Amino acid sequence: MGVADHEPAKAAKQQLARLLRSWWEQDPGKITQEALARRITERGVRTSQEMLSRYLHRTRPTLARPDVIRVMHQVLGRAPQELQTALALHGQASAQPAGNRPAAPQPVTADATEPPPAPGRPDDATAPAPPEAPAVLAAPAPRTGPPPVTGTPLTTGAPPAAGRPARLTAALRPRRPRLAAALAALATGACVLTAAVTFGGKDGNDADRPDEQRPAAAPALSPAARTPSPPTLTAHCRGESCLGIDPKYAICREDAATYYTGHGHGIRVELRFSPTCQAAWGKMSGTSQGDVVRVTNNAGRSRHYTQQWGHDAHSTMVAALNPDDATACARTPRGEVCATVPAPAGTPTHTPHSAAAGRR
């Protein structure tokens, strides 16, 4: 199928992301993504600030789950018809193209599964009876008692004639699939035994094989091959579209640098800025659980992050035309420290890939 088959679903996904983002941006209390994710989780639907950031992305959003949409609608107090619109867009975005849908299963009718009627039934009086295949009976077990009297046939009922009762026919029929399954199991066991004898050597190992007949050992992986690759940069944003996005998952960290610093109470706070994205964020180090880092731009838009563990953390981004358009501060029980001292020519330290940078 062509790319055009996916365009309606892609357009519906982007419309859904814009609708959900408008819910969040129009909240009277200016709730943060972190607080919104926490309130959604408190209502029994687990999510995170990182996932909300992907659901609300302006250009490349991730399709939001229906349960997150419903609870987000409740938390933000939106109109009922907006929930119907959001769920309808979700259905359009998750619909498969017509060419990729699996074929509907054909209905199974009674004629397809019912065995041919046995001769002698009242409803077959006018139809010719098909010849019935002789039943396969298991060989009788060896008798331990006295042999039967010669000339006296051993019978268990009427012979398998054309007028055999339907109950006897139904009782004999299930034995055929069982016999086929038993034969298949025996054939599989024989193949496994043959492979074990052929490839296992005399005692099941390669001790008695010549060196040239032994299988070659698999090459060991080099340390470089075992090293996991760094996370892929997926988010592309600029200015206002970077609001609430984690720089760890954006291209903004590629040219980011520290433009202002601050020290106090044993901690360090930095204002980070990306010229490409025209966005800024705050970073703190030497901190502990419960400390908060916040970044605020001149327009009053603010984003913060509360540290969960480790000794450093950073906030999400706000729009900033230059480093002077934003301020970064860290708040701890010992006091507040802000980045007000210019750094030497913009220190180009990258946002770390460590766990401390990924607590969203």
Side-chain angles (χ1 to χ4, degrees), residues 1-27 31-34 36-37 39-41 43 45-105 229-255 274 276-279 281 301 303 316-319 351 358 360:
M1 300 300 293
V3 177
D5 295 335
H6 301 278
E7 290 301 325
K10 181 178 179 181
K13 181 169 65 173
Q14 293 178 344
Q15 293 178 16
L16 175 60
R18 286 194 294 267
L19 177 60
L20 298 181
R21 189 176 186 89
S22 68
W23 293 0
W24 169 61
E25 292 179 342
Q26 296 171 9
D27 178 59
I31 189 173
T32 64
Q33 289 185 8
E34 180 184 7
L36 179 59
R39 293 180 62 180
I40 292 175
T41 302
R43 299 195 177 205
V45 178
R46 186 174 182 180
T47 188
S48 63
Q49 184 273 335
E50 177 182 335
M51 289 308 303
L52 280 182
S53 175
R54 297 182 182 182
Y55 294 156
L56 308 182
H57 198 270
R58 295 180 184 272
T59 57
R60 299 178 61 184
T62 299
L63 183 61
R65 305 198 316 264
D67 54 348
V68 174
I69 295 174
R70 292 188 180 93
V71 179
M72 182 176 176
H73 176 268
Q74 297 175 0
V75 171
L76 297 178
R78 305 299 298 187
Q81 60 270 21
E82 292 186 350
L83 176 60
Q84 299 177 2
T85 302
L87 294 178
L89 290 173
H90 181 276
Q92 297 174 17
S94 58
Q96 294 183 353
N100 295 336
R101 296 175 184 169
S229 58
T232 304
L233 302 180
T234 57
H236 293 255
C237 64
R238 183 176 177 86
E240 287 295 336
S241 64
C242 296
L243 180 65
I245 295 180
D246 189 337
K248 175 183 176 183
Y249 300 104
I251 63 170
C252 310
R253 67 183 178 90
E254 290 301 294
D255 67 338
S274 167
T276 299
C277 297
Q278 290 188 349
W281 61 95
R301 305 302 294 269
R303 287 293 178 266
T316 54
M317 295 186 286
V318 297
T351 299
R360 291 294 169 286

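Note that the structure is predicted; figures quoted are calculated from it, not measured.
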*Pairing of D67 and R65 as salt bridge, 4.0 angstrom limit*: yes

*Knowing that exactly one of S53, S241, C252 qualifies, which makes a side chain to side chain contact (heavy atoms under 4.5 Å, CB included) with M317?*
C252

*How long is the gap from CG on L20 to CG on L16, to the nearest 0.5 Å?*
4.5 Å

*Would you say C242 and C277 have SG atoms less than 2.5 angstrom apart?*
no

*State, with a plain yes or no, whether a side-chain heavy atom of T32 is found less than 4.5 Å away from one of E34.*
yes

*Is there a donor-acceptor contact under 3.5 Å from the side chain of H90 to the main chain of A64?*
yes

*List the steps and the verdict of side-chain hydrogen bond (donor to acceptor under 3.5 Å, both in side chains) for E82 and W23.*
CA-CA 9 Å; E82 292 186 350; W23 293 0; 3.1 Å; yes

_Over 12 foreign heavy atoms within 6.0 Å of CZ, R39_ = no

*Within the distance-only criterion (no hydrogens, no angle test), does the side chain of T41 pair as donor or acceptor with the backbone N or O of T47 below 3.5 angstrom?*
yes

_Is any side-chain heavy atom of I245 closer than 4.5 Å to one of T316?_
no

_Pairwise side-chain contact, I31 with L76, heavy-atom cut-off 4.5 Å (strictly under)_ = yes

*asked:* Using a 3.5 Å distance criterion without hydrogens, assess whether the side chain of D255 forms a donor-acceptor pair with backbone atoms of T276.
replied: yes

*With the side chain counted from C-beta on, respond yes when E50 and D246 share a heavy-atom pair under 4.5 Å apart, and no when they do not.*
no

*Any donor-acceptor pair under 3.5 Å from R21 side chain to L56 backbone*: yes

*Would you say R78 and L83 make side-chain contact, with heavy atoms under 4.5 Å?*
no

*State, with a plain yes or no, whether a side-chain heavy atom of L243 is found less than 4.5 Å away from one of R301.*
yes

*Please tell me if the side chains of V68 and M51 come closer than 4.5 Å, counting only heavy atoms from C-beta onward.*
no

_Under 3.5 Å: donor-acceptor pair, side chain of R303, backbone of V318_ = no

*If every non-hydrogen atom of L36 is compared with every non-hydrogen atom of W24, which pair is closest and at what distance?*
CD2-CD1, 4.2 Å

_Salt bridge flag under 4.0 Å for residues R58 and E25_ = yes

*asked:* Can a donor-acceptor pair be found, under 3.5 Å and without considering hydrogens, that links the side chain of H57 to the backbone of A17?
replied: no

*Locate the shortest heavy-atom distance separating Q33 from L52; write the atom from each residue and the value.*
O-CD1, 3.5 Å

*Please check if the side chain of Q92 supplies one atom and the backbone of K13 the other of a donor-acceptor pair under 3.5 Å.*
no

